[in-house]
Amino acid sequence: MIQRTKREKIDHFLRYMENNSINKAVFIKKENINYFLEDYSPNFSVLIINAKENQIELQVSKLDYELAKIYESKDIIITKFEGWREALNGCNGVEGDLPVGFLKYVRLGYKIVSKELTKMKMVKNKNEIKNISKAANISDKAVESISEYLMDSRDDLIDTENSIAAKLEYIMKKSGSIKPSFDTIAITGNKTSLPHGMPSDEILKDICLMDLGAVYKGYCSDITRTVLLDPTKEMVDIYRMVNEGKKIAEDSLRSGITTKELETSVRSYFKEYDKYFIHSLGHGVGVEVHENPSISQNSKFTLEENMVVTLEPGLYIGKFGVRIEDLYLVKKDGFKRLSNAKIIEY
């Protein structure tokens, strides 16, 4: 795949439309609009790509029109949204998750363009990498600050899961995040055995798992740290195993390796504990926090230079769970770690 500039993305998509007899494609999903803008779009936005007129139009509400002028360029014009009938008139290229109610305005014989867009998103350009790196730096600050706080306060903690989640989000917002890239996870006790456990008013005790991400100019980050507050020997052993599993994956991470090979290397190291590794090793990250490539034994991707992916091995044994996750830029002969918050050694 090719690393495309913002203009080259537009040109590629116009060629795709021409080759597939698509005259007009309309996007309403915010993340897809962010992808073409390489920025965070106004709250209400419709992006229209007109192949016949070789034009990209960002339609916004009358309330946001003055604000939206910052997105105007030689490639993109800004207009006021007048209604769905007008916006979708003549459209024959739509997103796969376009709400059914809009199809009455779309031409018969329309085509789904999401598959092509999904492929395009996998390799990032320099500006996208810059935005993701900034988002990673923001979430680094939050998780490192709270990890230090937890370790310093572990003998007399009175914080709840919700209060820790709130503190993480406050630091990210203060540091420049538009919003969390997903619902922030901060969980304790046996709830850490639930990969997507929801924070509650439970007070922290022996362990705290934090999974969080920031959004900067429409691009996401994703990082997980597990902090052992009053660990048993088993907790320390599992933590060290997960941390070593991530290092093993890092040793193989480079352009040209298959996603199956990457996950298999970690599962082979876990041996009999593999049954407690209940999700895939990682995923792509960009304008969405979960994009292709999926890093799994069951996926068939080969990593390429300038893909951005996570590695997030985890073991969930019932009494507790441990996950450690970082964000990486795939390079020709290795990787560059984009998230750099300290990983505590036990």
Side-chain angles (χ1 to χ4, degrees), residues 1-42 44-61 65 68 71-128 218-219 284 286-288 290-294 299-302 304-308:
M1 280 182 223
I2 300 170
Q3 185 186 40
R4 299 183 180 92
T5 65
K6 182 177 174 180
R7 180 65 237 182
E8 287 168 346
K9 288 183 197 175
I10 296 169
D11 290 340
H12 173 87
F13 198 79
L14 285 167
R15 286 195 299 273
Y16 160 77
M17 290 174 66
E18 182 181 355
N19 293 337
N20 289 273
S21 302
I22 299 171
N23 301 320
K24 179 178 176 180
V26 176
F27 299 92
I28 64 172
K29 184 176 179 180
K30 192 172 188 70
E31 291 80 5
N32 290 339
I33 297 172
N34 295 347
Y35 174 72
F36 284 108
L37 295 181
E38 292 184 9
D39 206 338
Y40 194 76
S41 56
F44 178 83
S45 303
V46 181
L47 189 77
I48 299 172
I49 303 183
N50 195 314
K52 283 190 173 181
E53 298 179 16
N54 200 37
Q55 175 181 286
I56 292 196
E57 180 181 351
L58 180 67
Q59 293 192 359
V60 299
S61 74
Y65 182 69
Y71 303 101
E72 196 160 35
S73 68
K74 63 181 181 180
D75 300 319
I76 298 172
I77 64 169
I78 311 299
T79 61
K80 295 177 184 177
F81 177 80
E82 300 295 341
W84 288 112
R85 185 180 300 278
E86 292 78 8
L88 290 163
N89 182 42
C91 170
N92 65 335
V94 300
E95 300 158 305
D97 46 7
L98 182 77
V100 172
F102 292 120
L103 292 178
K104 61 186 175 184
Y105 302 123
V106 174
R107 283 177 53 183
L108 292 176
Y110 64 84
K111 297 178 181 177
I112 305 295
V113 301
S114 300
K115 188 174 181 180
E116 181 65 20
L117 202 57
T118 297
K119 288 192 294 183
M120 290 173 64
K121 287 178 180 177
M122 284 199 285
V123 174
K124 273 61 179 179
N125 66 33
K126 290 180 180 179
N127 193 49
E128 291 175 307
Y219 286 80
V287 288
E288 297 185 78
H290 288 95
E291 296 184 352
N292 280 333
S294 169
S299 63
K300 297 179 180 179
F301 296 101
T302 298
E304 298 182 31
E305 192 171 8
N306 295 315
M307 288 181 171
V308 174

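Because only heavy atoms are used, hydrogens play no part in the values below, and waters and symmetry mates are left out as well, while side chains stay in.
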Give, for atom CG of Leu117 and atom NZ of Lys29, the distance between the pair rounded to the nearest 0.5 Å. 9.0 Å

Backbone of Ser41 reached by a side-chain donor or acceptor of Asn34 within 3.5 Å: yes

Separation between CG (Asn127) and OG1 (Thr5), nearest 0.5 Å, reads 10.0 Å

Please list all pairs passing the salt bridge (Lys or Arg N to Asp or Glu O under 4.0 Å) test where one or both residues lie in residues 111-121, with sequence neighbours left out. Glu116-Lys119, Lys121-Glu288

Please round to the nearest 0.5 Å and tell me the distance separating atom CD1 of Ile78 and atom OG of Ser73. 7.5 Å

Please check this pair: side chain of Asn19 against backbone of Arg15, looking for a donor-acceptor N/O pair closer than 3.5 Å. yes

Can you pull out every ring pair (Phe, Tyr, Trp, His ring centres under 6.0 Å) where at least one residue sits in residues 13-35? Sequence neighbours excluded, please. Phe13-Tyr16, Phe13-Phe27, Phe13-Phe36, Phe27-Phe36

Which heavy atom of Arg107 sits nearest to which heavy atom of Asn23, and what is that distance? NH1-ND2, 3.0 Å

Quick test of your reading: applying side-chain hydrogen bond (donor to acceptor under 3.5 Å, both in side chains), list the pairs with at least one residue in residues 92-106, sequence neighbours left out, ordered by first then second residue. Asn32-Glu95

Can you establish whether the number of heavy atoms outside Glu18 located under 6.0 Å from its atom CD is more than 12? no

Taking atom types as modelled and ignoring hydrogens, do the side chains of Glu38 and Asn125 form a donor-acceptor contact shorter than 3.5 angstrom? yes

Heavy-atom side-chain proximity of Ile77 to Leu58 below 4.5 angstrom: no

To the nearest 0.5 Å, what is the distance between CD1 on Ile33 and CD1 on Ile76? 10.5 Å

Matching residue for Ile22 among Val113, Ile49, Leu14 - test: side-chain contact (heavy atoms from CB on, under 4.5 Å): Val113

Are the side chains of Phe102 and Val26 in touch, meaning some heavy atoms are under 4.5 Å apart? no

Do Met120 and Arg4 have side chains that get closer than 4.5 Å, going by heavy atoms? yes

Lys126 (side chain) donor-acceptor with Gln3 (main chain) under 3.5 angstrom: no

Below 4.5 Å, heavy atoms only, C-beta onward: do Glu128 and Val308 meet side chain to side chain? no

Could you tell me which residues satisfy side-chain hydrogen bond (donor to acceptor under 3.5 Å, both in side chains) with Arg7, sequence neighbours excluded, listed by chain and number? Asp11, Asp75

Salt bridge (charged side-chain N to carboxylate O under 4.0 Å, His left out) filter on Glu31, not counting sequence neighbours, yields none

With no hydrogens and no angle check, just 3.5 Å: does a side-chain donor-acceptor pair link Ser45 and Lys30? no

Working to the nearest 0.5 Å, report the span between CE of Met307 and NZ of Lys124. 8.0 Å

According to the salt bridge (Lys or Arg N to Asp or Glu O under 4.0 Å) rule, which pairs have a member within residues 47-58, sequence neighbours left out? none

Do you know which two heavy atoms are closest between Phe81 and Ser61, and how far apart they sit? CB-N, 4.5 Å

Determine whether a donor-acceptor pair (N or O, by modelled atom type, separation under 3.5 Å) exists between the side chain of Ser294 and the backbone of Ser299. no

Is a side-chain donor or acceptor of Tyr110 paired with a backbone partner of Ala25 at a separation under 3.5 angstrom? no

Which heavy atom of Ala87 sits nearest to which heavy atom of Gln59, and what is that distance? CB-OE1, 3.7 Å

Are the side chains of Thr79 and Ile48 in contact, using a 4.5 Å heavy-atom criterion? no

Name the orientation class of the two ring planes belonging to Trp84 and Phe44 (parallel below 30°, tilted from 30 to 60°, perpendicular beyond 60°). perpendicular

